[in-house]
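Notes for the one structure printed next.
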Amino acid sequence: MRGLVLGAGQLGAMMGEVASRLGVELWRYCPDTHRYFFGTEMDSCGDKGPDGFDWVTAERELLPQTPFHGELLNLSTYQLVSDRLPQKKLYDELDLPTAPWGELKKGDSADALLAKIGTSLVVKARQGGYDGKGQWRVKEPGFVSEADCIAEAMIPFQREVSLVGVRAKDGRKLFYPLVENFHKDGILVETKAPAPDMHQWQGEAERILGALMDHLGYVGVMAVELFDCGDKLLINEMAPRVHNSGHWTQDGANICQFELHLRAVAGLPLPAELLWRPTIMDNLIGVAFDPNWLAGEGKVHWYNKEPRPGRKVGHINRWL
Ligand code: ATP
Ligand code: MG
């Protein structure tokens with residue numbers, strides 16, 4: 001069976017690591033440079049691909065038009081989620097808990113929303129943000145939006161958690177445990193699985209992610225980032241793809257998120273259940289490869305990328 005991932009980053013490459021074990025010949029295609037990549041390779045094999053693919057998936061939600069859009073699974077979900085405005089509207093429509101919000105068009109003043117929401121605002125560009133980019137904190141009147149944005153109430157959360165789950169073509173769903181995420185400068189630095197003392201919220205988190213996947217008819221792995229407010233969970237954002245906070249599953253679960261995603265999109269059976277053990281994932285950010293990492297007890301995953309400040313170049317998974 002032959003599959004294609006749109007996007008040429010490390011998420012698709014990590015799908016490539018498990019593909020051959022499933023009998024899947026996995027190709028990746030960069031929608032920006034129109035070049036193909038094979039399996040786990042980070043160097044392109046040119047602008048010619050094979051004749052056809054049995055299925056097409058993606059490693060990111062914001063995608064320029066490609067020749068593969070007609071076959072792309074979850075296309076409508078990618079289009080919805082790549083824009084924060086319909087994404088927030090969807091939470092409201094499904095009555096799912098999220099931070100109070102409003103829309104800000106380019107050139108709009110945030111004063112009215114600041115007065116209405118009554119607290120500081122986090123203004124987020126509707127499209128293209130990641131790792132905290134395209135965001136502004138607004139504490140005083142006078143802010144004028146420089147892009148089409150949404151503005152959310154600043155939530156005084158206790159911690160940030162996320163849930164990664166999968167939905168098969170027949171609607172069956174499986175979930176990993178809630179994990180706790182630690183950020184620095186807007187970038188995820190560490191994930192702790194499971195999130196300590198969150199067991200009582202597992203059902204609520206599964207209800208939220210399950211409702212989103214069912215409503216969208218989604219097939220594959222999806223993540224939802226949540227704020228733990230002590231007495232409630234609020235959705236921060238959803239990611240219709242394998243997610244950095246699920247990388248621990250490569251070494252901490254019977255079946256990792258990359259394999260779950262491939263199985264779901266390829267129409268292969270999901271496992272009877274997900275088994276896992278407590279694991280910590282540390283991102284390697286902007287650093288050169290250090291062989292000393294290998295002397296620790298963790299498993300090193302290096303992406304073969306040039307280190308640049310703020311760039312994720314690998315991660316280490318360690319059992320707790
Ligand atoms: P990612 O790298 O996960 O794609 P992102 O750049 O898309 O991130 P968000 O996850 O929306 O953006 O926000 C980045 C971080 O900013 C969050 O992890 C959280 O720490 C903080 N943040 C976002 N929205 C709020 C909010 N409404 N209240 C308080 N903090 C917030
Ligand atoms: Mg986020």
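Ligands are counted one by one from 1 in listed order, and the atoms in each one are counted from 1 as well.
With atom 5 (P) of ligand 1 as the reference point, the heavy atom nearest to it among Glu225, Glu61, Arg84, Lys124 is part of Arg84.
The side chain of Glu152, and not its backbone, has at least one atom closer than 4.0 Å to an atom of ligand 1 (non-hydrogen atoms only; side chain from C-beta on). At a heavy-atom distance under 4.0 Å, atoms from both the backbone and the side chain of Ile155 approach ligand 1. Only side-chain heavy atoms of Asn236 come within less than 4.0 Å of ligand 1; its backbone N, CA, C and O stay farther off. Neither the backbone nor the side chain of Lys312 comes within 4.0 Å of ligand 1, counting heavy atoms alone.
Side-chain atoms of Thr279 and Asn317 include no donor-acceptor pair closer than 3.5 Å. Checking Lys105 against Ser145 by side-chain atom types alone, no donor-acceptor pair falls below 3.5 Å. For the 3.5 Å distance criterion, the side chains of His243 and Ser162 fail to qualify, holding no donor opposite an acceptor. Lys305 and Gln10 are linked by a side-chain donor-acceptor pair at a separation below 3.5 angstrom, with hydrogens and angles left out of the test.
Nearest non-hydrogen protein atom to atom 8 (O) of ligand 1 is Glu237 OE2, 3.4 Å. In terms of protein heavy-atom proximity, atom 26 (C) of ligand 1 is closest to Val122 CG2, 3.6 Å. The protein heavy-atom contact nearest to atom 25 (C) of ligand 1 is Phe227 CZ, 3.5 Å. Distance from atom 30 (N) of ligand 1 to its nearest protein heavy atom, with residue and atom name: Phe157 CE2, 3.4 Å. Of the protein's non-hydrogen atoms, Asp131 N, 2.7 Å is the one closest to atom 2 (O) of ligand 1. Looking at atom 6 (O) of ligand 1, its nearest protein heavy atom turns out to be Gly132 N, 2.5 Å. Annotation: atom 20 (O) of ligand 1 to nearest protein heavy atom, Glu160 OE2, 2.6 Å. Protein heavy atom at the shortest distance from atom 14 (C) of ligand 1 is Gln135 NE2, 3.6 Å.
The shortest heavy-atom distance from Ala153 to ligand 1 is under 4.0 Å.
Among residue pairs with one or both ends in residues 294-320, those qualifying as ring-ring contact (aromatic ring centres under 6.0 Å, His included) are His247-His315, Phe289-Trp302, Trp293-Trp302, His301-His315, Tyr303-His315; sequence neighbours excluded.
With the Mg ion (ligand 2) as the vertex, atom OE1 of Glu225 and atom OE2 of Glu237 span an angle of 100° (nearest 10 degrees).
Shown in contact with Arg137 at under 4.0 Å from a heavy atom are these atoms of ligand 1, numbered in order with element: 16 (O), 21 (C), 22 (N).
Minimum heavy-atom separation, Gly267 to Lys169: N-NZ, 4.2 Å.
Taking the six-membered ring for Trp, Tyr29 and Phe37 have ring centres at least 6.0 Å apart. Between Trp248 and Tyr176, the ring center distance clears the sub-6.0 Å criterion.
A salt bridge links Lys173 with Asp214: the closest approach of a Lys/Arg side-chain nitrogen to an acidic carboxylate oxygen falls below 4.0 angstrom. Contact check on Lys89 versus Glu93 returns no salt bridge, with no Lys/Arg side-chain nitrogen under 4.0 Å from an Asp/Glu carboxylate oxygen.
Within the 4.0 angstrom cut-off, atom 17 (C) of ligand 1 has one or more protein heavy-atom neighbours.
Counting non-hydrogen atoms of neighbouring residues, nucleotides and ligands closer than 6.0 angstrom, the CD atom of Glu140 reaches no more than 12 such neighbours.
Residue Met154 has no N or O atom closer than 3.5 Å to an N or O atom of ligand 1.
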